[in-house]
Amino acid sequence: MTEPKTKDSHLSVNVWRGGNEGELVNYQVPARENQTVLDVITEIQRFQQPDLAYRFACRVGVCGSCAMTVNGLPRWTCRTHIKKVVDNGQLTVEPLRNLPRIKDLVCDLEPFIDTWKKAGAPFSGSRTRYDPPANIKPDSPLRQAADAGLQCINCAVCYSACDVVHWNRDYVGPAALNRAWTLVNDVRHAKRQETFEKAFSENGCQSCHSHGNCTRHCPIQLNPSESITGLKKMVFKGLPKEDKK
Amino acid sequence: MHPLRSHKSYLASIGHRVSGVALAVFLPFHFLLLSTAINGADAMDEYLTLAEMLPVKIAEWGLVTLLAAHLFFGIRVLLLEFTHWPRRINRYAAWIVPCTIATILIATLFIIRVY
Amino acid sequence: MNRYLFIAQRLSAMILAPLVIIHLGLILYAVSDGLSGAEILSRTHGSWAWASFYFAFVLSVAVHAPIGIRNILKEWTSMNQAIINGFCLLFGLMLLLLGIRAVTSVV
Ligand code: SF4
Ligand code: SF4
Ligand code: FES
């Protein structure tokens with residue numbers, strides 16, 4: 001690691017370089033009134049380190065591809081203002097925890113994507129295009145339960161924050177279980193029972209210790225921890241009954 | 001400590017776990033001691049006089065405290081997992097303070113009762 | 001942890017909670033004037049109430065503890081799953097046998 005030397009009006013930024021083996025390299029980046037962590041990384045890549053690898057796409061918090069570890073905590077970097085995280089002019093940016101590192105700030109998301117399948121994630125419809133659409137009341141309890149877990153942007157921040165994942169990589173983790181929660185409550189999902197059973201398989205929802213790291217760090221304020229306890233509550237009674245029409 | 005680990009609900013879960021391990025290790029010995037009673041009260045007393053020694057007393061106090069901690073934090077887990085509750089963003093952080101107070105209460109009561 | 005182990009562990013926890021409260025209460029009550037074998041045995045001897053209380057205790061503990069230990073070994077060690085399962089099964093059986101022996105010797 002190069003010796004950090006903070007000049008006035010500059011940020012001293014340590015960036016992970018390398019794959020699973022690597023080191024933090026220090027860069028001096030001009031401090032600006034308005035900049036996000038992603039802006040800082042982009043500035044390093046444009047002007048100082050053209051071969052720096054990192055991921056982003058939308059820059060507005062929609063695609064979920066820019067997540068990194070910033071000063072020890074997982075964050076979506078495109079919506080993280082420097083002021084919120086900078087510590088004495090210092091910033092350390094590393095790839096997400098709990099995932100294999102490919103190069104610099106890019107990690108391999110495959111294990112994370114695999115957990116979605118393990119928890120029974122794909123939606124499976126029971127109607128064809130010739131059937132009328134299902135008639136679901138938006139205010140029915142099941143629909144509301146499912147709605148609470150929707151809008152996940154698959155950023156893997158929660159997966160990276162979870163210590164149970166850190167200990168046991170077979171644990172499917174918060175994002176996939178949150179997805180399973182939305183599916184078991186979705187009466188249009190044809191394989192609710194199968195999703196339910198997958199969510200309760202070895203290394204499923206029972207492994208969660210309610211640390212709440214997932215909920216604390218989810219950038220869009222979803223509550224995977226609560227979804228997981230919701231699943232656990234079903235352990236005695238099984239799938240929730242379909243809402244009365 | 002790592003910021004992902006230095007918050008209440010994380011520590012509560014680690015405390016619950018570590019107290020559980022300690023109790024599991026201790027339990028077989030507890031059962032063995034009680035089994036000495038099969039040879040009458042006197043045989044048991046031979047071991048129980050050990051309990052008058054200060055280090056043993058302190059260890060006993062530790063076990064009572066661990067049992068209380070595991071009990072209260074275990075009740076917390078059951079409440080978290082099996083009770084319904086108006087949705088609250090940080091429910092996982094609930095009941096930690098009351099559980100800690102209850103544990104300290106039992107630990108102090110034990111000391112008061114012994115002396 | 002699979003679903004049935006989870007059910008077994010949480011059910012045993014629900015049984016243990018009130019039993020442990022009574023146990024703690026008894027400890028706090030009995031400890032004040034020192035423990036003696038005679039005093040302990042006079043309470044438990046021939047009492048069916050205490051006998052069933054302690055049997056329920058031993059049974060639930062023998063279910064509850066090994067499942068917890070299994071999770072911990074899985075998460076905190078790199079031991080092979082089959083070894084963990086075998087170890088926890090043996091641990092549970094040992095608790096059960098020692099516990100039953102302890103209860104039968106005090107009633
Ligand atoms: S609440 Fe569960 S899933 Fe979320 S971080 Fe904690 S252990 Fe992981
Ligand atoms: S639940 Fe939140 S933190 Fe987890 S992947 Fe989805 S959006 Fe990201
Ligand atoms: S770049 Fe799309 S969410 Fe950050």
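This is a predicted model, so every value here is computed, not measured. Convention: sequence-line order gives letters A, B, ...; per-chain numbering from 1.
- Between A:Phe112 and A:Trp116, the ring-plane angle classifies as perpendicular under the 30° and 60° cut-offs.
- Ion pairing between B:Arg5 and A:Asp163 holds under the 4.0 Å rule for side-chain N and carboxylate O.
- Results of the side-chain hydrogen bond (donor to acceptor under 3.5 Å, both in side chains) test with A:Ser12 over A:Thr92, A:Asn88, A:Asn26 single out A:Asn26 as the only residue that passes.
- For a residue to count as touching a neighbouring chain, one of its non-hydrogen atoms must lie under 4.5 Å from one of that chain's; by this rule A:Ser210 touches chain B with backbone and side chain alike.
- Contact tally against chain A (heavy-atom pairs below 4.5 Å) for B:Leu4, B:Leu80, B:Val77, B:Leu11: the top residue is B:Leu4.
- A salt bridge does not link A:Asp139 to A:Lys137: none of the charged nitrogens lies less than 4.0 Å from a carboxylate oxygen.
- Heavy atoms of other residues, nucleotides or ligands lying less than 6.0 angstrom from CZ of A:Phe236 number more than 12.
- Contacts between A:Arg97 and chain B at a heavy-atom distance below 4.5 Å involve the side chain alone, from C-beta outward.
- Ranked by heavy-atom pairs under 4.5 Å with chain A, the first of B:Lys8, B:His16, B:Arg17, B:His2 is B:Arg17.
- Of the two parts of B:Ile14, only the side chain, counted from C-beta on, holds a non-hydrogen atom closer than 4.5 Å to a non-hydrogen atom of chain A.
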